Amino acid sequence: MTDRLTVDTINSDQLDVLYERVAKAEQDADDSVAAATRLTTLVGKRSERAERAADKQRRRADVAETELRILRSGLRANGADPTQIQNLWAQIRLRNRQWREEKQRVEQAEAAIERVRALTDRWVLPGHISMPTAADDIRAALDEPSDTAGHCGGTLTHPGHKFMRLDVVFNCPGNTPKEPTT
């Protein structure tokens, strides 16, 4: 164990080292207090900003609820049923999603067909006698028209869904058209 320095035993060099350690400790403490102050200010500003954003969202929600209430009462006053309109909107969103999915499926199928065509083109060796090959059979199969390809172009009438006293008509997303039920 080291001997503890006393007033009688400390020399000037040891005293200088001790004063430097005390000054460094005081500086570290001041730096820590300053950092804590900056952090507190920053957290306070962010908290205020978050609180303002939350208040803004609450006000927007209140406005939206008021507008919805007014819209519903206006629809009822004109003889419409808001629930039917909500159901109609849900069906339109469903049809739109089905259309997007069908479009994506068609695009993927077209891309796959193009990849197969490119692959069969690589199978043909330039300068060789053209003989029927598997590549020709694949190209012929890809070029054949299909009765099920594409959309039927028909429309479906849904008489159970009325909007402002009009029947709603949906474009067929690829299904066979059905006769409307009356």
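Just so you know, these numbers come straight off a predicted model, no measurement behind them.
- Using a 4.5 Å heavy-atom cutoff, the side chains of Val63 and Arg59 are not in contact.
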Checklist entry - How far apart are the C-alpha atoms of Asp55 and Arg52, what are their side-chain angles, what is the distance that settles it, and do they pass the salt bridge (Lys or Arg N to Asp or Glu O under 4.0 Å) test? => result CA-CA 5 Å; Asp55 287 341; Arg52 283 193 306 267; over 6 Å; no
Next on the checklist: Show, in sequence, the C-alpha distance, side-chain angles and deciding distance for Arg97 and Glu101, and conclude whether the salt bridge (Lys or Arg N to Asp or Glu O under 4.0 Å) test is met.
Outcome noted: CA-CA 6 Å; Arg97 189 183 81 233; Glu101 290 170 354; 3.4 Å; yes
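- One finds the CG atom of Leu75 at 9.5 Å from the CG atom of Leu68 (value rounded to the nearest 0.5 Å).
- A donor-acceptor pair is defined here as one N or O able to donate and one able to accept, closer than 3.5 Å; such a pair exists between the side chain of Asp81 and the backbone of Thr83.
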Item to check | Verdict with supporting geometry, Arg58 and Asp62, salt bridge (Lys or Arg N to Asp or Glu O under 4.0 Å) | outcome: CA-CA 6 Å; Arg58 282 197 245 351; Asp62 289 342; over 6 Å; no
Next on the checklist: Apply side-chain hydrogen bond (donor to acceptor under 3.5 Å, both in side chains) to residues Gln27 and Asp31 and explain how you reach the verdict.
Outcome noted: CA-CA 6 Å; Gln27 183 61 41; Asp31 291 346; 2.9 Å; yes
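- If you take CG on Asn96 and NZ on Lys103, they are separated by 11.5 Å, rounding to the nearest 0.5 Å.
- Using a 4.0 Å cut-off between a side-chain N of Lys or Arg and a carboxylate O of Asp or Glu, Glu20 and Lys24 do not qualify as a salt bridge.
- Between Glu48 and Glu51, every side-chain heavy-atom pair lies at or beyond the 4.5 Å cut-off.
- In this structure, Thr40 contributes its side chain and Ala36 its backbone to a donor-acceptor pair below 3.5 Å.
- Rounding to the nearest 0.5 angstrom, the gap separating the CZ atom in Arg117 from the CG atom in Leu119 is 12.5 Å.
- If you chain together hydrophobic residues whose side chains sit under 4.5 Å apart, Tyr19 and Ile10 fall into the same group.
- Ion pairing between Arg105 and Glu102 holds under the 4.0 Å rule for side-chain N and carboxylate O.
- Taking CZ of Arg46 as the start and CZ of Arg49 as the end, the distance is 6.5 Å to the nearest 0.5 Å.
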